[in-house]
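First the structure, in the form of structure tokens, and then the observations on it.
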Amino acid sequence: MSDVRKPFPFREFEPRWQQRWETEKTFRTPGPGDADFDPAKPKYYVLDMFPYPSGAGLHVGHPEGYTATDILGRFKRMNGFNVLHPMGYDSFGLPAEQYAIKTGQHPAITTAANIENFRRQLKALGFGYDWDREIATTDPEYVRWTQWIFLQIYNSYFCEETNKARPVSELEAKGWSREDIDSVRLAFVADTPVWWSPDLGTVLANEEVEEWKSKGHTVERRPLRQWMLRITKYAQRLIDELDTLDWPDGIKLLQKNWIGRSEGAEVDFTIGDKTVTVFTTRPDTLFGATYMVLAPEHPFVPEITSAEQKDAVEAYQKSCASKSDLDRGDLNKDKSGVFTGAYATNPVNGEQIPVWIADYVMMGYGTGAIMAVPAHDERDFEFANKFNLPIVQVVQPTNDAAWQGYTDPGTAVNSGFLDGLPTAEAKAKMIDWLESNNKGKRRIQYKLRDWLFSRQRYWGEPFPIVWKDGYHHAISESDLPLLAPPLDDYKPSGTPDPLLSKATEWVHLPDGSVRETNTMPQWAGSCWYYLRYCDPGNTSRFISNEAEAYWTSDKPGMVDLYVGGTEHAVLHLLYARFWHKVLFDLGHVTTPEPFQKLVNQGLILGEDGQKMSKSRGNVVNPDDVVREYGADALRLYEMFMGPLEQVKPWQMKGVEGVSRFLARVWRVAFEEAQDGSFTVSPKIQDVPCSNKELLRVVHETIKKVGEDIEKLSFNTAISQMMICTNAFTQAEVVPLKEFIQFLTVLNPFAPHLSEEIHARIGGGVMLSEQTWPSYDEAALVRSEIEFIIQVNGKLRDRLMLSKDADEEAAKAAAFESAKVKEHTDGKTLRKIIFVPGKLLNIVAG
RNA sequence: GGCGGCUUGGCGGAAUUGGUAGACGCGCUCGACUCAAAAUCGAGUUCUAACGAGUGUGGGUUCGAGUCCCACAGCCGCUACCA
């Protein structure tokens with residue numbers, strides 16, 4: 001089937017143009033330091049989320065975003081911008097390592113092969129990337145600067161006064177001790193309970209646990225020494241500075257919810273001689289606290305548990321330890337818990353309340369302890385009912401709702417000095433009371449946790465850290481990049497020791513110090529790659545000041561447009577913002593944010609309307625589409641499917657449709673001879689356009705396509721080009737100048753076909769090097785316009801009238817119309833609505 | 001449970017500030033070309049025989065609502081006992 005004659009010879013000319021763009025470096029982007037760099041030219045930085053080069057190759061989701069940015073980039077180029085539109089690979093990652101475990105082959109080999117395949121596929125789609133700027137996060141030179149940035153973070157602390165990162169050398173100068181400095185570094189070591197998978201040989205992030213468990217791997221909870229990044233210090237800035245960005249509201253909200261700011265108070269309860277602090281957002285309900293709950297892992301539990309309850313408590317703790325957070329949540333909505341036998345004293349009224357442990361309280365949030373107010377908290381209410389604990393009303397609902405389980409604001413009752421106050425005021429008054437009596441304080445709590453930054457994998461950046469005498473030390477910058485040595489085998493050892501600990505010679509240094517053997521997570525490389533594109537060959541800095549200054553913008557975010565999938569709404573986009581802010585604080589970059597405008601492309605579903613997946617057998621391979629219909633057809637179809645941001649199903653028939661459109665453009669230009677060769681159509685003539693209607697369509701197309709590209713509304717731009725092509729097809733004469741203007745407009749969408757036609761009809765300089773045509777207002781004007789005539793808002797007739805017909809003229813014409821008369825005869829005229837150039841509505845009754 | 005998004009012909013989708021609903025494409029029907037078919041070109045295609053009705057459902061505002069307001073339903077994503 002694949003060898004039938006194609007309506008236009010894309011298999012011949014597409015690779016030829018790709019070759020030419022490559023050898024001539026058509027899309028090379030000059031930057032500061034280059035001989036041909038023009039600093040006066042405005043810049044435009046349009047960025048794709050770079051792919052993980054999997055063994056499966058590109059899927060059709062990749063070219064969706066990539067084509068969109070390519071069209072925009074080519075368009076901006078044609079409009080005089082110096083466009084930075086780069087591509088690279090996020091090439092560290094578990095699959096290459098899993099393959100290494102199976103075969104013993106070094107992951108670098110698999111990775112290189114996958115990158116080569118990705119590059120081939122990307123080039124076959126004709127994207128206008130500057131390939132000289134291509135980067136891979138696994139390149140030693142790239143690793144070097146990832147490690148260098150890590151060291152900047154490691155050598156910084158968060159200064160609360162200035163709300164910024166500062167070098168720890170400032171603390172050294174102030175005489176801080178080594179321990180004190182280590183306790184405030186933005187990169188620090190902590191013993192944290194983590195999810196450890198023995199057969200994968202690594203810890204997993206919370207969000208990875210279910211995925212790997214479902215694949216049959218075992219996962220257990222273990223306290224391990226881990227590197228953490230103190231992202232929580234940036235929580236407030238990460239929320240506040242979202243407002244300066246041109247991102248979809250949904251994504252901003254997602255990030256805000258992820259960071260999860262809540263305002264409330266810490267309240268100190270006492271249990272015997274111990275003080276247990278709880279966090280609450282409802283200090284106004286303190287009088288209604290009838291029991292206390294500690295997380296099962298809370299450190300005080302063993303100490304406060306009574307002898308009678310010891311066995312029950314320990315059994316309960318054990319059963320919780322094996323459950324994942326998800327088990328504790330979704331799968332176990334049913335409340336469970338055990339009484340510890342201890343009682344706590346409520347600081348506001350001295351009441352003794354029982355202390356329980358229950359897995360609905362998490363150690364990781366707040367203080368790991370809560371005061372339970374069952375009357376006004378759903379979870380506490382459920383728990384109290386199950387275990388017959390007292391429920392005391394302290395809020396009077398504002399409506400006639402029942403007070404049991406009423407969680408909305410209301411009026412304080414049974415609450416001593418708070419009685420009669422609305423909730424908001426009661427909260428404030430209680431916090432004042434707690435602070436002045438030294439029983440608690442105002443507290444802002446975030447859901448965001450510090451970032452667990454170490455992995456026990458092999459295929460990641462090693463930490464540029466050595467250990468000596470129990471302290472960690474940065475290695476010298478001149479020793480970067482620090483690369484992992486090849487291993488004899490990549491199988492996990494079955495212990496939580498990182499894989500790199502197998503490389504004993506590498507680990508043990510002559511001076512007696514040992515290397516850190518953890519590696520960085522895959523997120524590290526993607527946190528700053530957009531910076532490296534600006535200055536990829538720099539050997540003395542991660543980005544030169546000149547390149548940074550030129551490619552950055554006067555807006556808070558550096559990159560003008562960033563396009564990628566929603567799956568990165570929180571993690572990648574939050575981590576990259578965090579790193580950028582640290583670099584900003586330290587003076588290495590001049591904008592506070594990395595990405596000014598963000599657009600999420602919608603998922604492409606399979607032909608069956610389901611998510612594409614191997615198991616469903618509905619996956620579309622872009623290589624097949626290119627072979628059958630050509631790269632231009634694939635590009636065009638992906639853009640014609642619907643709005644970029646929308647979820648939409650694939651339809652192979654639709655690819656045929658756009659392919660037919662391209663064939664029609666081809667046939668406007670050429671006639672096919674008997675032998676299958678193409679000759680320029682005699683309809684193409686180098687004459688002024690005398691066809692006013694055709695001229696108008698061409699200029700409307702120039703205008704609309706330009707406007708639509710700016711709006712990223714590619715589907716409507718294509719439909720306009722189809723209209724224009726149909727007009728050319730039907731015209732007796734195709735004026736050369738207008739046809740070339742059309743080809744120029746088509747070029748960003750279908751670069752190969754438009755270049756080929758243009759070259760064959762003798763157009764001269766490559767379209768990719770041409771400027772975007774301007775449209776002529778005069779050509780757009782119609783002398784007569786079809787006016788809509790309504791009676792009582794219903795369409796009754798359409799009349800051709802002069803474009804500037806006034807109300808009187810339109811009215812006169814309307815009352816001539818039989819169709820109008822039919823609906824107005826015998827009625828009283830009440831009102832006339834007239835919209836110039838558009839419509840006349842006769843209100844009669 | 002919470003948050004977000006979506007709902008327009010047989011299908012993907014168009015519709016400025018509220019102003020011709022269904023652009024463009026797919027599919028389908030008919031015609032031309034052909035011995036024939038494919039391809040191509042041309043015509044038609046929301047439903048209804050018609051009157052009319054029509055943008056998930058019910059209400060509202062307006063001369064006029066796919067678009068604005070209120071209530072409801074259904075799908076899809078993300079998140080999950082966050083105190």
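Each chain gets a letter, A, B and so on, in the order the sequences are listed, and its residues count up from 1.
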*RNA chain B: 5'-proximal contact among A/Ile723 and A/Met371 (nearest heavy atom)*: A/Ile723

*Could you work out the separation of B/rC78 and B/rU29 based on their P atoms and round it to a whole Å?*
40 Å

_Same-atom distance (P) from B/rG10 to B/rG56, integer angstrom_ = 13 Å

*Using both distances under 3.5 Å as the test, list the Watson-Crick or G-U wobble partner of B/rA43, or none.*
B/rU29

*Select base, sugar-phosphate, or nothing to describe what A/Gln730 touches, counting heavy atoms under 4.0 Å on all strands.*
sugar-phosphate

*Please determine, for B/rG77, whether a Watson-Crick or G-U wobble partner exists with both distances under 3.5 Å, and give it or none.*
B/rC3

*So, for A/Met363 and A/Pro299, which heavy atoms are closest and what is the spacing to 0.1 Å?*
CE-CD, 4.0 Å

*Reading nucleotides 46-55 of chain B from the 5' end, what letters show protein touch, with B for base, S for backbone sugar-phosphate only, - for no heavy atom under 4.0 Å?*
----------

*So what's B/rA71 paired with, Watson-Crick or G-U wobble, going by both distances under 3.5 Å?*
B/rU57

*Does A/Lys653 make a side-chain donor-acceptor contact with the base of B/rC11, cut-off 3.5 Å?*
no

*Quick one: label A/Thr566 by what it contacts on the DNA or RNA (base, sugar-phosphate, nothing), any heavy atom closer than 4.0 Å.*
nothing

_So, OP1 or OP2 of B/rA39: does either fall under 4.0 Å of a side-chain N or O from A/Arg667?_
no

*asked:* Under 4.0 Å from OP1 or OP2 of B/rG19: is there any side-chain N or O of A/Gln790 that close?
replied: no

*Roughly how many Å is it from NZ in A/Lys819 to P in B/rU20, rounded to a whole number?*
17 Å

*Separation of A/Phe383 atom CZ from B/rA83 atom C1', in whole Å?*
14 Å

*On RNA chain B, nearest-nucleotide positions of A/Ser713 versus A/Ser719: which is more 5'?*
A/Ser713

_Please give the distance between the C1' atoms of B/rG5 and B/rU40 as a whole number of Å._
43 Å

_Give me syn or anti for B/rG42, where syn covers glycosidic angles within 90 degrees of 0._
anti

*Hey, does the side chain of A/Arg261 come within less than 4.0 Å of B/rC82's phosphate (OP1/OP2), counting only N and O?*
no

*With a 4.5 Å limit on heavy-atom distance, are the side chains of A/Leu242 and A/Lys256 in contact?*
yes

*Considering only the P atoms, how many Å lie between B/rG66 and B/rG60, rounded to the nearest integer?*
15 Å

_d(CZ, A/Phe787; P, B/rU20) in whole Å_ = 13 Å

_I need the single residue from A/Leu448, A/Ile239, A/Leu238 that forms a side chain to side chain contact (heavy atoms under 4.5 Å, CB included) with A/Trp258. Which is it?_
A/Leu448

*Are the side chains of A/Leu598 and A/Asp246 in touch, meaning some heavy atoms are under 4.5 Å apart?*
no

_A/Thr729 side-chain proximity, nearest of B/rG42, B/rG13, B/rC82_ = B/rG42

*Is it the case that A/Ser336 and A/Tyr360 place a side-chain donor and acceptor less than 3.5 Å from each other?*
no

_salt bridge (charged side-chain N to carboxylate O under 4.0 Å, His left out) partners for A/Lys803, two or more places apart_ = none

*Take the protein atom CZ of A/Phe269 and the nucleotide atom P of B/rA83, then report the distance between them rounded to whole Å.*
16 Å

*According to a strict under-4.0 Å criterion, is A/Asn257 in side-chain N/O contact with OP1 or OP2 of B/rU79?*
no

*asked:* What's the closest nucleotide to the side chain of A/Tyr365 if the choices are B/rC78, B/rA21, B/rA83?
replied: B/rA83

*Which whole number of Å gives the distance between the C1' atom of B/rG4 and that of B/rG54?*
30 Å

_Rounded distance (Å) that lies between atom P of B/rC3 and atom NZ of A/Lys252_ = 20 Å

*Side chain of A/Asn726 (C-beta onward), nearest among B/rC81, B/rC24, B/rG42*: B/rC24

_Can you tell me the base-pairing partner of B/rU16? Count Watson-Crick or G-U wobble geometry only, both distances below 3.5 Å, and say none if there is no partner._
none

*Hey, are A/Gln236 and A/Arg261 close enough side-chain-wise for a donor-acceptor pair under 3.5 Å?*
yes

_Rounded to whole Å, please give me the gap between CD1 in A/Ile718 and P in B/rC26._
13 Å

_Taking the minimum atom-to-atom distance to the side chain of A/Arg379, which one of B/rG27, B/rC81, B/rA23 wins?_
B/rC81

_Between A/Lys386 and A/Glu382, does the salt bridge (Lys or Arg N to Asp or Glu O under 4.0 Å) criterion hold? Intermediate values first, please._
CA-CA 6 Å; A/Lys386 180 158 178 182; A/Glu382 208 183 305; over 6 Å; no

*Taking the side chain of A/Met722 as its heavy atoms from C-beta onward, which of B/rC24, B/rA83, B/rC78 lies nearest to it?*
B/rC24

*Report yes if the side chains of A/Pro347 and A/Phe269 come closer than 4.5 Å at any heavy-atom pair, otherwise no.*
yes

*Take atom P in B/rA65 and the same atom in B/rA21, then report the distance between them in whole Å.*
10 Å

*Taking the side chain from A/Glu638 and the backbone from A/Glu64, do they hold a donor-acceptor pair closer than 3.5 Å?*
yes

*Report the distance from atom CD of A/Glu656 to atom C1' of B/rG27, rounded to the nearest whole Å.*
11 Å

*Within the structure shown, what part of the strands sits under 4.0 Å from A/Leu253 by heavy-atom distance: base, sugar-phosphate, or nothing?*
sugar-phosphate

_Looking at A/Arg660, I'd like to know whether one of its side-chain N or O atoms comes within less than 4.0 Å of OP1 or OP2 on B/rG27._
yes

_Which nucleotide wins on minimum distance to the side chain of A/Trp258, given the candidates B/rA83, B/rU79, B/rC26?_
B/rU79

*Complementary nucleotide for B/rG9 - Watson-Crick or wobble, under 3.5 Å*: none

*asked:* Heavy atoms only, 4.0 Å cut-off, all strands: where does A/Asp380 land among base, sugar-phosphate and nothing?
replied: nothing

*Which of residues 830-842 of chain A sit near RNA chain B, with a heavy atom under 4.0 Å from it?*
A/Lys831, A/Ile833, A/Val835, A/Lys838, A/Leu839, A/Asn841

_So A/Glu786, base contact, sugar-phosphate only, or nothing? Heavy-atom distance under 4.0 Å._
base

_Between A/Thr716 and A/Ser719, is there a side-chain donor-acceptor contact under 3.5 Å, judged purely by atom types and distance?_
no

*asked:* When you compare the side chains of A/Ser817 and A/Asp797, does any donor N or O come within less than 3.5 Å of an acceptor on the partner?
replied: yes

*With respect to the phosphate group of B/rA83, does any side-chain polar atom (N or O) of A/Ser262 fall under 4.0 Å of OP1 or OP2?*
yes

_Here's one to test your reading of the geometry: is the NZ or CZ of A/Lys811 within 45 degrees of the ring axis of A/Phe834 and under 6.0 Å from its centre?_
no

*In the structure shown, which nucleotide is the Watson-Crick or G-U wobble counterpart of B/rU34, with both distances under 3.5 Å?*
none

*Could you tell me whether the side chain of A/Trp650 reaches within less than 4.5 Å of the side chain of A/Tyr637, counting heavy atoms only?*
yes

*Name the nucleic acid region contacted by A/Val373, choosing base, sugar-phosphate or nothing; use a 4.0 angstrom heavy-atom cut-off, strictly under.*
nothing

*asked:* Distance check, C1' atoms only: B/rU67 and B/rG18, in whole angstrom units.
replied: 6 Å

*To the nearest Å, give me how far apart CD (A/Gln601) and P (B/rG5) are.*
19 Å

